[in-house]
J.: 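This structure is in structure tokens; I'll ask about it shortly.
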Amino acid sequence: DAGVIQSPRHEVTEMGQEVTLRCKPISGHNSLFWYRQTMMRGLELLIYFNNNVPIDDSGMPEDRFSAKMPNASFSTLKIQPSEPRDSAVYFCASSSGLPYNEQFFGPGTRLTVL
Amino acid sequence: AQSVTQPDIHITVSEGASLELRCNYSYGATPYLFWYVQSPGQGLQLLLKYFSGDTLVQGIKGFEAEFKRSQSSFNLRKPSVHWSDAAEYFCAVALLSGGYQKVTFGIGTKLQVIP
């Protein structure tokens with residue numbers, strides 16, 4: 001398996017623009033997580049999907065952030081409009097089976113908002 | 001709510017020396033505990049996990065961790081560090097809530113290995 005795939009790996013955009021980050025989880029995994037990592041706040045869980053349904057979005061910072069999972073093999077995280085404080089590395093992770101199975105992380109998308 | 005504390009933000013050790021990274025958690029019951037490693041520019045990779053049973057767990061790359069309930073700790077150890085171990089290490093706690101897992105990560109400890 002290719003592991004969790006994220007695209008793009010790097011994104012540079014200007015404030016106010018829409019940004020869409022993409023994730024393809026490992027085939028067969030039924031849970032998907034979006035995280036944001038910054039120096040100041042560390043690794044923060046943004047949203048968690050189980051069987052394509054959003055279960056916990058309490059970590060989504062504000063209405064500018066939205067996430068979807070239209071099917072088991074694809075998820076998006078959208079920021080509209082983007083702001084400089086959104087600059088961070090965004091990780092997607094997936095897991096399967098029992099609740100405490102490990103999460104497999106993608107390589108991340110480094111977002112820079114100018 | 002559960003929380004995870006990694007008191008050391010940055011640690012420097014010499015190659016070949018022993019290593020211990022500290023992790024303390026706050027949770028009423030016995031939590032499910034993990035250590036992940038993040039190499040520069042990459043995502044996190046699981047080193048080891050503890051659910052129950054033997055309190056000393058072995059992981060990949062020669063790492064081990066010991067769960068101590070009395071100290072609410074789950075410290076990561078390695079007897080002899082290699083230069084390739086330079087990375088950031090994250091302790092994590094999971095609990096089952098409403099039928100799904102909620103994982104909280106610590107702030108991370110950045111390990112530097114010097115020759």
Side-chain angles (χ1 to χ4, degrees), chain A residues 2-10 21 23-26 29-59 69 88-111, chain B residues 1-10 23 25 27 29-53 57 59-61 63 65 67 74 87-110:
Chain A
V4 176
I5 299 173
Q6 291 187 247
S7 64
R9 292 294 309 275
H10 301 272
L21 311 182
C23 175
K24 177 179 170 56
I26 292 173
H29 283 189
N30 64 342
S31 297
L32 184 139
F33 308 81
W34 280 101
Y35 292 91
R36 177 173 67 177
Q37 186 178 40
T38 61
M39 290 289 291
M40 294 299 295
R41 301 172 69 92
L43 195 64
E44 303 173 276
L45 176 66
L46 299 177
I47 188 168
Y48 160 69
F49 291 88
N50 190 49
N51 294 323
N52 312 337
V53 177
I55 301 298
D56 182 358
D57 65 354
S58 59
M69 192 165 186
V89 180
Y90 291 81
F91 288 102
C92 176
S94 69
S95 70
S96 69
L98 297 174
Y100 301 106
N101 276 357
E102 71 176 283
Q103 297 182 22
F104 291 82
F105 281 75
T109 295
R110 181 173 294 277
L111 173 65
Chain B
Q2 79 263 34
S3 65
V4 181
T5 302
Q6 292 182 250
D8 304 307
I9 301 299
H10 192 271
C23 173
Y25 65 90
Y27 181 55
T30 300
Y32 296 79
L33 299 158
F34 306 81
W35 275 100
Y36 284 82
V37 60
Q38 183 181 29
S39 297
Q42 298 188 27
L44 280 67
Q45 179 188 18
L46 182 71
L47 281 176
L48 48 79
K49 60 187 177 184
Y50 172 78
F51 290 170
S52 63
V57 293
I60 62 171
K61 306 184 180 185
F63 285 91
F67 169 63
F74 189 57
E88 191 157 18
Y89 293 80
F90 293 87
C91 182
V93 171
L95 64 83
L96 193 61
S97 175
Y100 68 94
Q101 65 167 298
K102 187 174 178 70
V103 180
T104 302
F105 286 85
I107 196 71
T109 297
K110 190 163 289 187

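Sequence lines set the chain letters: A, B, ... in the order given, protein chains first and strands last, and positions in each chain run from 1.
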J.: Is Phe33(A) in contact with chain B via its backbone, its side chain, both, or neither, using a 4.5 Å heavy-atom distance?
T.: side chain

J.: How far apart are the closest heavy atoms of Ile107(B) and Met40(A), and which atoms are they?
T.: CD1-O, 4.5 Å

J.: Which atoms of Ser58(A) come close to chain B, meaning under 4.5 Å heavy atom to heavy atom: side chain ones, backbone ones, both, or neither?
T.: side chain

J.: For Tyr90(A), give me all partners under ring pair (Phe, Tyr, Trp, His ring centres under 6.0 Å), at least two apart in sequence or on another chain.
T.: none

J.: Using heavy-atom distances under 4.5 Å, tell me whether Gln38(B) contacts chain A through its side chain, its backbone, both, or neither.
T.: side chain

J.: Evaluate Phe105(B) against Gln37(A) for side chain to side chain contact (heavy atoms under 4.5 Å, CB included), listing each step before the verdict.
T.: CA-CA 11 Å; Phe105(B) 286 85; Gln37(A) 186 178 40; over 6 Å; no

J.: CD/Gln103(A) to OH/Tyr36(B) distance, rounded to the nearest 0.5 angstrom?
T.: 5.0 Å

J.: About how many Å separate CD1 of Ile9(B) and CE of Met39(A), when rounded to the nearest 0.5 Å?
T.: 9.5 Å

J.: Is there side-chain contact between Val103(B) and Tyr35(A), with heavy atoms separated by less than 4.5 Å?
T.: yes

J.: Please state whether the side chain, the backbone, both or neither of Arg110(A) comes within less than 4.5 Å of a heavy atom of chain B.
T.: neither

